[in-house]
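Structure first, then comments.
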Amino acid sequence: MASMRFEPPDAFQSPRFAQLSTFMRLPYTRDVRGLDVAIIGIPFDGGVSFRPGARFGPKEVRTNSLLIRPYNPVLRALPFSRLRVADCGDVDPNPMDIIDTYGRIEGRVGEILAAGAVPACVGGDHSISLAILRAVARRHGAVALVHVDSHQDMWEQYFGNRYFHGTPFRRALEEGLYLPRATVQFGIRGPVYGEGDFEFGQTHGVTVVRAEEIHARGVEAALAHLDRVRGKKVYVSFDIDAVDPAFAPGTGTPEVGGLSSAQALALLRGLAGLEIVGFDIVEVSPPYDQSGITAMLAANVLFELLSVLAVGRG
Ligand SMILES: [Mn+2]
């Protein structure tokens, strides 16, 4: 019997590693030392208020990332040549306990940051961003924030619970984890409970670029708001529901009238030149997905953000 050989996964052109299902066929390692970027899955959806399933997001984004090729011709970037990137596996959440899960996420992201790597987190519902931001702020201090989402996620509570996927950016602001006047929320839309829902962000000086404004004036005009975050360390949180459910149906809280996938990619490319110290891609819910198109979009969002990081290191 021929002996088995283990080959490094360098074969972007070949389907032979498809069964490994790491993010973009990257090497898998739990050891984050020496990496520039550590991609982790956070399969937790205990913070969801409506449609569940985001705990299966990392698995499906891995599967749908197998078609990603290594060169980004728009940004002229070869992220995996410029950066040492690996799939560092999943955080083990506690599906029964969001507070315990937050500790586990903060611990793992803290390890990545302590090793000098950028944490690239694939959720999971949006509640996880609070725990990631706790680790990021511990390392870098309060950061500037680019938040792409159809919702502000700044509510006070639901049913008396202060921790779920509708509150992370209120809790994070209260905890001083990000700089509200250096924060831009892109893609906000959809019905809310009243005009008062926007007060918290307004009071603290958060800039909102509504989806309607992006449709009326274009992505290029929207990007002008990034002046607020330039020159600072920036965290990027990308909720897949920023994209219209026609393009991204597989998500927990869909809102019509959203960005096209092309607009979302253009927006992300506009982040090139920012000093991004961490990011997340959240709210992919495979049970509501059609043909994996939402997970495929998330995989491409991941590739664009890695390309943006690579440009920044150029
Ligand atoms: Mn969200």
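Just so you know, ligand 1 is whichever comes first in the structure, and atom 1 is the first atom listed for that ligand.
Inter-residue side-chain proximity for V122 and F23 is flagged as met; some heavy-atom pair is nearer than 4.5 Å.
Taking the six-membered ring for Trp and thresholds of 30 and 60 degrees, F80 and F303 have ring planes inclined between 30 and 60 degrees apart.
Every residue two or more places apart in sequence or in another chain that forms a side chain to side chain contact (heavy atoms under 4.5 Å, CB included) with S49 is listed here: Y158, F164, H165.
Sorted by first and then second residue, the salt bridge (charged side-chain N to carboxylate O under 4.0 Å, His left out) pairs with a member in residues 153-162 read E156-R162, E156-R170, E156-R171, R162-E174; sequence neighbours excluded.
In this structure, F56 stands alone, with no Ile, Leu, Val, Met, Phe, Trp or Tyr side-chain heavy atom under 4.5 Å from its own, directly or through other members.
Checking H147 against Q185 by side-chain atom types alone, a donor-acceptor pair falls below 3.5 Å.
Protein atoms that are N, O or S and lie under 2.8 Å from the Mn ion (ligand 1) are these: H126 ND1, D149 OD2, D153 OD2, D239 OD2.
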